[in-house]
Asker: 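Here it is: the structure, laid out below.
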There are 2 protein chains.
Amino acid sequence: MPKSTTAERILDAAQILFAIKGFAGTSLRHITSKAGVNLAAVNYHFGSKEKLMRAVFERTLTPFCDSLEKQLLSHGQSGGEPLTLEELFEIMVSTANNVYGDDSKEFSRFMRLMGLAYAQTQDELRGFLGARYGMVFRRFLVHVKLAAPEMPPKELFWRIHFALGAAVFTLASFGGLQEVLLNDYKMDVGLSDVVTRLVPFMAAGIRGEVEVE
Amino acid sequence: MPKSTTAERILDAAQILFAIKGFAGTSLRHITSKAGVNLAAVNYHFGSKEKLMRAVFERTLTPFCDSLEKQLLSHGQSGGEPLTLEELFEIMVSTANNVYGDDSKEFSRFMRLMGLAYAQTQDELRGFLGARYGMVFRRFLVHVKLAAPEMPPKELFWRIHFALGAAVFTLASFGGLQEVLLNDYKMDVGLSDVVTRLVPFMAAGIRGEVEVE
DNA sequence: CAGTGTTTTAAACGGATGTTTTAAACCTAC
DNA sequence: GTAGGTTTAAAACATCCGTTTAAAACACTG
């Protein structure tokens, strides 16, 4: 017997299904069926499918962004020397780990949602996410700028997106890649293996010598 | 009066709409309406919506992969010293440019489709793409291995995916990022700017020192 | 226990979806 | 020009979609 509320059960089911099948590919009937609640409950508790999707993103992103912002602020006002790139990315990783646990499945789902959010173009979801969480991103960008002060801003802008793209993309498709590695290379790897490889890659890519400007 | 055939017009419209709205978010009626053909033409020429999507991917990916494979083969049997990482990625870039022209829009659409393909998990599309184009990817991987011989295979596997993730992700969302840059930073950048920054980033990330194994 | 506000339920709404059918139009070759 | 195969056309198919309704069940307060 589930102790969770109807709204929570809907959010849980929606988050899983959105991550697998995308937003348009997931119907309210799938969600309510998986959640074991009545179809009308979605519109009763959230108003519409669009608002449900926002709620899913909000529930997923808010704890992560709040925790990340708090850590960035504490390091920012300590007056000490700025954080290195590795430390910055490690903060992101540990924040994600603290918030979502080291549950590989859940973490991958979160990253898949991030990828979906990022991939949105025309939908109003992108605007919503930018307005809601753009501030944290800009604060993170300031820290990266401090960590790589010699880098031209334009170059840095793109390299950060390269690095985040590498992270989101790889972690979002982690499940699939894990399967490939096991079948083709007989290697069984965990999520933490990938993350520990990812941080040096991102740092090295950002720090790489500037060729032209 | 269009000289193109009905099947071609359907493929053109489907490619554009899939890239914008995703697969599930695009209806056959949208496609046929945009293509200016009858609704039943899709099932007549392609059999089903699923097969139409495969045809779109096939038409988009085949020229690129064929051309890429040809270049990799020619460099492989020349017997000279192996290609550098930069040269390898430049080959990918120039191949993409030759096949899709430097039309920024079309290139971005192609990358968006790549991102969609990559993001697929459970759908049979992933299996189809792996079976159809996995060979080219493995051949590319061999060249990367030659370019970074000191790198442990496991580490290399992940770094390649990091690099490809950075590329696909950034280029797929290029349109959106371009807008952000223009609005927030008053910078107007072209696709070629990003690509010339991307190649050094990928090379530097892959070449970075190995920390642990 | 009655009453009231909240939540859940079943059913139906209009519309959109992928697919199929049947007939018309087209084109080519005899 | 007419027969036969190919392509298009309009319409209908059953099913699924997001949303709404109205009544039943529940939870709580007085």
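Just so we're on the same page: letters track the sequence lines, and every chain starts at 1.
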Asker: Is there any side-chain hydrogen bond (donor to acceptor under 3.5 Å, both in side chains) pair reaching into residues 132-141 of chain B, and which pairs are they, with sequence neighbours excluded?
Answerer: B:Glu58-B:Arg132, B:Thr62-B:Arg132, B:Thr62-B:Tyr133, B:Glu69-B:Arg139
Asker: For A:Phe46, which residues count as a ring-ring contact (aromatic ring centres under 6.0 Å, His included) partner, sequence neighbours excluded?
Answerer: none
Asker: Can you list the residues that meet the ring-ring contact (aromatic ring centres under 6.0 Å, His included) rule with A:Phe201, with sequence neighbours excluded?
Answerer: B:Phe162
Asker: When you compare the protein's N or O atoms with those of nucleotides 11-17 of chain C, which come within less than 3.5 Å of each other, and at what distance?
Answerer:
from   : atom 1 : to      : atom 2 : distance (Å)
C:dT17 : OP1    : B:Ser27 : OG     : 3.1

Asker: Whole-Å distance between D:dA14 C1' and B:Asn43 CG?
Answerer: 15 Å
Asker: Rounded to whole angstrom units, what separation is found between the CD1 atom of B:Ile31 and the P atom of C:dG18?
Answerer: 8 Å
Asker: Sequence neighbours left out, what passes side chain to side chain donor-acceptor pair (under 3.5 Å) with B:Thr95? Give chain and number order.
Answerer: B:Gln71
Asker: For A:Phe57, what residues pass the ring-ring contact (aromatic ring centres under 6.0 Å, His included) criterion, not counting sequence neighbours?
Answerer: none
Asker: Report the distance from atom CZ of A:Phe46 to atom P of C:dT8, rounded to the nearest whole Å.
Answerer: 11 Å
Asker: I need the CE-P distance between A:Met53 and D:dT19, as an integer number of Å.
Answerer: 11 Å
Asker: Under 3.5 Å, which N/O atoms of the protein pair with N/O atoms of nucleotides 4-7 of chain D?
Answerer:
from  : atom 1 : to      : atom 2 : distance (Å)
D:dT7 : OP2    : B:Tyr44 : OH     : 2.9

Asker: List for me each residue that meets side chain to side chain donor-acceptor pair (under 3.5 Å) alongside A:Thr6, sequence neighbours excluded, and say none if there are none.
Answerer: none
Asker: Who passes ring-ring contact (aromatic ring centres under 6.0 Å, His included) against B:Tyr44, sequence neighbours left out?
Answerer: none
Asker: Axis-to-axis angle across the helix from C:dC1-D:dG30 to C:dC30-D:dG1, five pairs an end, to 10 degrees?
Answerer: 0°
Asker: Only counting residues at least two apart or in another chain, list the ones meeting side chain to side chain donor-acceptor pair (under 3.5 Å) with A:Glu90.
Answerer: none
Asker: Is the shortest heavy-atom distance from the side chain of A:Asp66 to the side chain of A:Val136 under 4.5 Å?
Answerer: no
Asker: List the residues meeting side chain to side chain donor-acceptor pair (under 3.5 Å) with A:Ser27, not counting sequence neighbours, and say none if there are none.
Answerer: A:His30
